[in-house]
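Notes for the one structure printed next.
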Amino acid sequence: MTPDDVAPLVHGAIFTRGGVDLRSTAVWVGGSDVARAEALTAAVQKVFFGPFRVSLMMDANGCNTTAAAAVARLRGAATLDGARVVVLGGTGPVGLRAAGFLAREGASVVLGSRRLDRARAAAEQIRARFGVDVSPAETSDAAGTARALEGAVVCLAAGAASVVLLPRRVWVGHPTLAVLADVNAVPPLGIEGTESGDKGAERDGKQVFGALAIGSLKMKVHKACVASLFEKADAVLNAEAIYAVARAT
Ligand SMILES: NC(=O)c1ccc[n+]([C@@H]2O[C@H](COP(=O)([O-])OP(=O)(O)OC[C@H]3O[C@@H](n4cnc5c(N)ncnc54)[C@H](OP(=O)(O)O)[C@@H]3O)[C@@H](O)[C@H]2O)c1
């Protein structure tokens with residue numbers, strides 16, 4: 001799909017029924033590229049006019065629901081406002097969104113990537129979308145990750161499945177880290193020495209949220225969002241709206 005393709009599909013949704021029946025149809029924007037999904041979402045909204053609209057949700061690669069659930073879990077465990085928070089694997093769909101939500105909560109966010117240029121590009125993408133600044137960091141090895149974590153209170157591992165981003169030796173005994181979260185449920189996990197089922201479990205003095213604890217909230221958020229699409233004909237479940245659902249769930 002490209003933004004140029006959406007008009008006929010949206011016309012099919014908004015002109016084949018009317019009035020209250022428009023609540024029976026919704027537009028879902030998925031895919032794996034967050035920036036392209038944002039462009040499609042904007043294109044869909046441009047086609048709507050007057051009462052000719054249906055509800056709309058964007059969740060490319062589960063980015064919004066997963067990141068919203070992860071940040072909601074972290075928000076319940078730590079004071080994010082003013083805290084240094086490191087997002088490892090921050091260039092993927094989930095990390096990009098999580099970094100944006102965290103920065104909007106007032107956290108001082110460091111976005112890690114194996115490549116500094118990718119981290120910088122992600123930081124720019126977040127600034128353009130959310131109007132907040134995050135600090136890019138190269139975290140290609142344990143030494144780089146340890147540097148990024150200096151003074152950090154929270155670390156979220158948002159890397160690809162089966163990739164260890166935070167070795168145990170880096171976080172055990174860390175003087176400031178208090179809360180760890182990981183969205184990778186496929187072994188080996190993103191944070192070595194934790195379990196995917198950890199739900200605020202204490203490990204070596206840190207509070208840990210594993211991917212299943214985040215995933216269970218993610219599914220509640222996902223279902224609540226999907227249900228709300230059909231309560232009215234003009235719901236827009238974008239990043240901010242989905243995060244609001246997660247905060248209230
Ligand atoms: N719990 C849930 O409900 C749920 C839902 C959706 C996704 N997930 C999980 O959330 C995680 C993030 O999803 P995503 O789609 O954002 O991930 P992704 O795009 O596949 O990967 C995120 C980042 O990980 C880094 N990475 C990839 N391969 C790596 C490697 N071999 N070594 C080190 N870093 C590597 C890359 O960053 P750089 O190249 O910039 O270093 C990449 O941008 C995944 O583990 C996914 O399975 C969970």
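Both counts, for ligands and for their atoms, begin at 1 and track the order of listing. Worth saying up front: this structure is predicted, and the values here are computed from it rather than measured.
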Part of [X] within contact of ligand 1 (heavy atoms, under 4.0 Å):
{"X": "N184", "value": "both"}
{"X": "A158", "value": "backbone"}
{"X": "V186", "value": "neither"}
{"X": "R114", "value": "both"}

List the closest protein heavy-atom neighbour of [atom]: residue, atom name, distance to the nearest 0.1 Å.
{"atom": "atom 32 (N) of ligand 1", "answer": "V163 CG1, 3.2 Å"}
{"atom": "atom 47 (O) of ligand 1", "answer": "A161 CB, 4.1 Å"}
{"atom": "atom 3 (O) of ligand 1", "answer": "K218 CD, 3.0 Å"}
{"atom": "atom 23 (C) of ligand 1", "answer": "G89 O, 3.7 Å"}
{"atom": "atom 15 (O) of ligand 1", "answer": "N61 ND2, 3.1 Å"}
{"atom": "atom 5 (C) of ligand 1", "answer": "T66 OG1, 3.0 Å"}
{"atom": "atom 14 (P) of ligand 1", "answer": "P93 CD, 3.7 Å"}
{"atom": "atom 7 (C) of ligand 1", "answer": "V94 CG2, 4.1 Å"}

Please check: side-chain N/O of [X] versus main-chain N/O of [Y], any donor-acceptor pairing under 3.5 Å?
{"X": "R73", "Y": "F209", "result": "no"}
{"X": "H174", "Y": "L149", "result": "yes"}
{"X": "E192", "Y": "R168", "result": "yes"}
{"X": "D5", "Y": "L9", "result": "no"}
{"X": "N61", "Y": "P93", "result": "no"}
{"X": "S108", "Y": "A83", "result": "no"}
{"X": "T25", "Y": "L22", "result": "no"}
{"X": "S113", "Y": "R115", "result": "yes"}
{"X": "D182", "Y": "G210", "result": "no"}

Nitrogen or oxygen atoms of R115 and ligand 1 under 3.5 Å apart: no
Heavy atom to [atom], shortest distance: which of [options] holds it?
{"atom": "atom 11 (C) of ligand 1", "options": "A160, G92, G159, A69", "answer": "G159"}
{"atom": "atom 8 (N) of ligand 1", "options": "L165, V183, D141, D59", "answer": "V183"}
{"atom": "atom 38 (P) of ligand 1", "options": "V221, T91, D117, L111", "answer": "T91"}

Residue from N238, N64, T65 passing side chain to side chain contact (heavy atoms under 4.5 Å, CB included) with M57: T65
Contact check, G62 vs ligand 1, heavy-atom distance below 4.0 Å: no
Contact with ligand 1 for I214, non-hydrogen, under 4.0 angstrom: no
Heavy atoms of other groups near R17 CZ, more than 12 under 6.0 Å: yes
R36 atom CZ: more than 12 heavy-atom contacts under 6.0 Å: no
Interfacing atoms of ligand 1 (cut-off 4.0 Å, heavy-atom, R118): 37 (O), 38 (P), 39 (O), 40 (O), 43 (O)
